[in-house]
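Here is the structure we will look at, set down as structure tokens.
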Amino acid sequence: EENIKINGKDILRQYHHANGELFYRSSADINKHKFNQLYAIKYNFLTDNNKNTYEHDIQAYTDLNKDVEIKKFTYINFGGRLGMDYRHNRWQNQHLADYWIINLNPHAAFQYKEYYLKVGFDMALSTEPSWGNDTIKTTRFHFFPDIEARLNIVPNIFAIYARFDGGIY
């Protein structure tokens, strides 16, 4: 048998993550059918114990929505999110480049007694590095559904829920 010595530094991998978020949310009570606003900026930093290996991620987005009274459905909530995500990557032995994602996610939500239905979609435009080449970028358009249904069996306690959605992160 052959004795193989393994140095702990060779197999140990440490990850360090730091993040922060600054946001403003309107103080209107969501149940009062007023114009609701959220504006946010997020920052994430990820690194490991290899020199010059890291990832910076900055996101900015806004969520806006407003209830509109409709006699048959009581209220319809119209709203959506507009966002931007920028990622700066440097990982050892990998060809990763910086990229952008810009997305728009409009929706309409209907509530009638114990029934709730939300219908929307997520459109995203991304710039991504070509595989194996961190200098050539491709621009892609993505489209995902955003559908949610809920039936309240016991109000505010128990509900049957289904969701069909997608996205790019």
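For the atom pair CD1 (Ile76) and CZ (Phe110), the distance works out to 4.5 Å, reported to the nearest 0.5 Å. Here CD of Gln111 is found 14.5 Å from CD1 of Ile70. Values are rounded to the nearest 0.5 Å. Put simply, CD on Glu21 and CG on Asn44 are 9.0 Å apart, with the number rounded to the nearest 0.5 Å.
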Practice problem: Decide side-chain hydrogen bond (donor to acceptor under 3.5 Å, both in side chains) for Asn19 and Tyr43; before the verdict, give the C-alpha distance in whole Å, the side-chain angles of both, and the deciding distance to 0.1 Å. | Solution: CA-CA 5 Å; Asn19 65 337; Tyr43 172 75; over 6 Å; no
Exercise. Decide side-chain contact (heavy atoms from CB on, under 4.5 Å) for Leu125 and Asn103; before the verdict, give the C-alpha distance in whole Å, the side-chain angles of both, and the deciding distance to 0.1 Å.
Key: CA-CA 6 Å; Leu125 183 66; Asn103 69 318; over 6 Å; no
Practice problem: Starting from the C-alpha separation in whole Å, work towards a yes-or-no answer on salt bridge (charged side-chain N to carboxylate O under 4.0 Å, His left out) for Lys118 and Asp165. | Solution: CA-CA 11 Å; Lys118 175 183 162 189; Asp165 66 356; over 6 Å; no
Quiz prompt | Trace of the side-chain contact (heavy atoms from CB on, under 4.5 Å) decision for Ile153 with Ile160 | solution = CA-CA 7 Å; Ile153 305 297; Ile160 296 173; 3.9 Å; yes
Quiz prompt | Step-by-step salt bridge (charged side-chain N to carboxylate O under 4.0 Å, His left out) determination, Lys34 to Asp67 | solution = CA-CA 7 Å; Lys34 298 198 176 180; Asp67 285 343; over 6 Å; no
Quiz item: Hey, mind stepping through Tyr15 and His17 against ring-ring contact (aromatic ring centres under 6.0 Å, His included) and telling me if it holds?
Solution: CA-CA 7 Å; Tyr15 290 96; His17 180 246; over 10 Å; no
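Looking at Thr47, its side chain does come within 3.5 Å of a backbone N or O of Thr53 through a donor-acceptor pair. Thr127 places a side-chain N or O within donor-acceptor distance of the main-chain N or O of Trp100, the cut-off being under 3.5 Å.
Heavy atoms only, all atoms of each residue included: Ser26 and Asn36 are closest at OG-CA, 3.5 Å. Shortest non-hydrogen contact noted between Glu55 and Asn89 is OE1-OD1, 2.8 Å. When every heavy atom of Gly167 is checked against every heavy atom of Asp122, the shortest pair comes out as CA-OD2, 4.1 Å. Taking each heavy atom of Asn77 and Asn65 in turn, the nearest pair found is ND2-OD1, 3.2 Å.
Between Leu38 and Thr62 the shortest side-chain heavy-atom distance does not fall below 4.5 Å. Contact annotation: the side chain of Phe121 never approaches that of Pro145 to less than 4.5 Å [non-hydrogen atoms, C-beta and beyond]. Contact of the Phe78 side chain with the Val68 side chain is registered, since non-hydrogen atoms from C-beta on lie closer than 4.5 Å. Within the 4.5 Å cutoff, no side-chain heavy atoms of Pro155 are placed close to those of Glu114. The shortest side-chain heavy-atom distance between Tyr39 and Leu64 falls under the 4.5 Å cut-off. In this structure, the side chains of His56 and Asp98 stay at 4.5 Å or more apart for every pair of heavy atoms.
Atom CZ of Phe141 has more than 12 heavy atoms from other residues, nucleotides or ligands within 6.0 Å. The number of heavy atoms from other shown groups lying within 6.0 Å of OH (Tyr24) is above 12. Around the CZ atom of Phe23, the shell of radius 6.0 Å holds no more than 12 heavy atoms that belong to other residues, nucleotides or ligands. Within a 6.0 Å radius of CZ in Arg140, no more than 12 heavy atoms belonging to other residues, nucleotides or ligands are found.
Met123 and Leu82 fall within a single hydrophobic cluster, where Ile, Leu, Val, Met, Phe, Trp and Tyr side chains are chained together by heavy-atom contacts under 4.5 Å. Linking ILVMFWY side-chain heavy atoms closer than 4.5 Å, directly or via other members, places Tyr115 and Phe158 in a single hydrophobic cluster. Under a hydrophobic clustering in which Ile, Leu, Val, Met, Phe, Trp and Tyr are joined whenever their side-chain heavy atoms come within less than 4.5 Å, directly or via other members, Ile157 and Leu151 fall into the same cluster.
Arg150 forms a cation-pi arrangement with Tyr116, by the criterion of a distance under 6.0 Å to the ring centre and an angle within 45° of the ring axis. A cation-pi arrangement is present between Arg81 and Tyr61 under the rule of less than 6.0 angstrom and at most 45 degrees off the ring axis.
A centroid separation of 6.0 Å or more is found between the aromatic rings of His88 and Tyr99.
Relative ring orientation between Phe45 and Tyr54 is described as parallel, the plane-to-plane angle staying below 30° on a 0-90° scale split at 30° and 60°.
Side-chain contact of Gln59 with Asp57: a donor-acceptor pair under 3.5 Å is present, judged by distance alone.
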